[in-house]
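See below for the structure under consideration.
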Amino acid sequence: MTATVQEETQDRYAPADPSGLPRHVAIIMDGNGRWAALRGLPRTEGHRNGVKTVRQIVRRAGELGIQYLTLFAFSSENWSRPHAEVKFLMGLLRAYVRSDLKDLRESNVRIRVIGSRDGLDPGILSLLEQAEQGTADCTGLELVLAFNYGARDEMVRAVRQLSLEVARGGKQPEEITSADIESHLDTAGLPDPDLIIRTSGEQRLSNFLLWQAAYAEFYFAPMHWPDFDCSAFEEALSCFKNRERRFGGVGAAVST
Ligand code: IPE
Ligand code: IPE
Ligand code: MG
């Protein structure tokens, strides 16, 4: 690898903030159903309480100066849940955007939605577009909502677009670079996540940001999402601070 490519690689992955704060935090908000079950409540109550956590964490991330926060809200596989739960989750997303958009805008939060928009209910689609357009000039935290998102689906869509460009003669297969792939992903233009947090004790990615997670640090919190508060969030951030990221190199201690 040439020195230039090496510098580019480090620039792409390394957190920009010298304080050790991750530039981009991505969260798999898991455990709502179990949180409710533990209390003898229907799963929907877990989801309802999960929205309260979303509000707290978004606010704290903004206050701390984190630049990008990605929240996994609904996966492309979550359609396989019981119809009533899916319907409830759709209603919750609608209610969240309707009730919080003004506050988010006032807090200078810019919203971006990733995931497939194909076949989405037109009402939800227009609300999501409204959220993106209504906050397009905000310059604070970028809140990325992964909705109807699955990394394999994202990659399939990217490959289809690239293949089309090749078939139309605009590009030769051997000219395809990783930057071309990135620019066709839903996350085009976003830095890769530095830190991926999953709540509820599960230790898997569940089809989340598979390409982008190449050099992410992982943090698995034992509590369910409705119990993940600001102090749990800050604990994850302080744990990240102590990680040594190497990006395939040998690390600071032996790099001279
Ligand atoms: C996360 O909580 C919310 C979504 C996936 C929408 P879950 O609903 O997955 O809760 P558990 O994992 O069943 O407890
Ligand atoms: C991942 O959680 C999806 C979201 C948090 C939206 P799941 O609860 O759907 O993942 P699995 O099924 O336990 O792997
Ligand atoms: Mg789950």
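Numbering of ligands and ligand atoms starts at 1, following listing order.
Side-chain contact, N148 with W79: a donor N or O sits under 3.5 Å from an acceptor N or O. Counted by atom type alone, N207 and S75 present zero donor-acceptor pairs between their side chains at under 3.5 Å. H24 and T70 share a donor-acceptor pair across their side chains, judged by distance under 3.5 Å alone. The closest side-chain donor-acceptor pair between S107 and R59, if any, does not fall under 3.5 angstrom.
Heavy-atom distances between H224 and ligand 1 stay at or above 4.0 Å for every pair.
Shortest contact from atom 13 (O) of ligand 2 to any protein heavy atom: R204 NH2, 2.8 Å. Atom 1 (C) of ligand 1 has its closest protein heavy atom at M29 O, 2.9 Å. Looking only at heavy atoms of the protein, atom 6 (C) of ligand 2 is closest to F72 O, 3.4 Å. Of all protein heavy atoms, the one lying nearest to atom 11 (P) of ligand 2 is S206 OG, 3.6 Å.
Of all atoms in ligand 1, numbered sequentially from 1 with element shown, those under 4.0 Å from a heavy atom of H47 are 3 (C), 8 (O). Those atoms of ligand 2 that come under 4.0 Å of a heavy atom in D30, given as number and element, are 2 (O), 8 (O). In the vicinity of A73, heavy-atom distances shorter than 4.0 Å reach the ligand 1 atoms 6 (C). Within ligand 2, the atoms closer than 4.0 Å to a non-hydrogen atom of F74 are 6 (C), numbered from 1 in the order shown.
Between L185 atom CG and S183 atom OG the span is 8.0 Å, to the nearest 0.5 Å. Interatomic distance, D192 CG to E182 CD, rounded to the nearest 0.5 Å: 6.0 Å.
When the heavy atoms of E77, R81, R34, R198 are ranked by distance to atom 10 (O) of ligand 2, first place goes to R198. Of the listed residues (N78, N32, N148, N207), the one carrying the non-hydrogen atom nearest atom 9 (O) of ligand 2 is N78.
Judged by distance alone, with hydrogens and angles left aside, the side-chain atoms of T199 form a donor-acceptor pair with the main-chain N or O of D30 at under 3.5 Å. Between the side chain of R48 and the backbone N or O of R43, no donor-acceptor pair lies under 3.5 Å. Using a distance-only test at 3.5 Å, with no hydrogens or angles considered, a donor-acceptor pair links the side chain of T177 to the main chain of D180. Panel note: side chain N49, backbone E45; a donor-acceptor pair is recorded below 3.5 Å.
Residue contacts with ligand 2 for F208 are absent, since no atom lies close enough (heavy atoms, distance under 4.0 Å). Under 4.0 angstrom from ligand 2, there are no non-hydrogen atoms of A146. Contacts with ligand 1 closer than 4.0 Å are made by no heavy atom of S200, backbone or side chain. With a heavy-atom cut-off of 4.0 Å, E202 does not touch ligand 1 at all.
Screening R117, R112, R110 for a salt bridge (Lys or Arg N to Asp or Glu O under 4.0 Å) with E132, the sole residue that qualifies is R117.
For D30, the nearest N, O or S atom to the Mg ion (ligand 3) falls under 2.8 Å.
Considering backbone and side-chain N/O of S75, none are found under 3.5 Å from N/O of ligand 2. Looking at ligand 1, you'll find an N or O of R43 within less than 3.5 Å of one of its N or O atoms.
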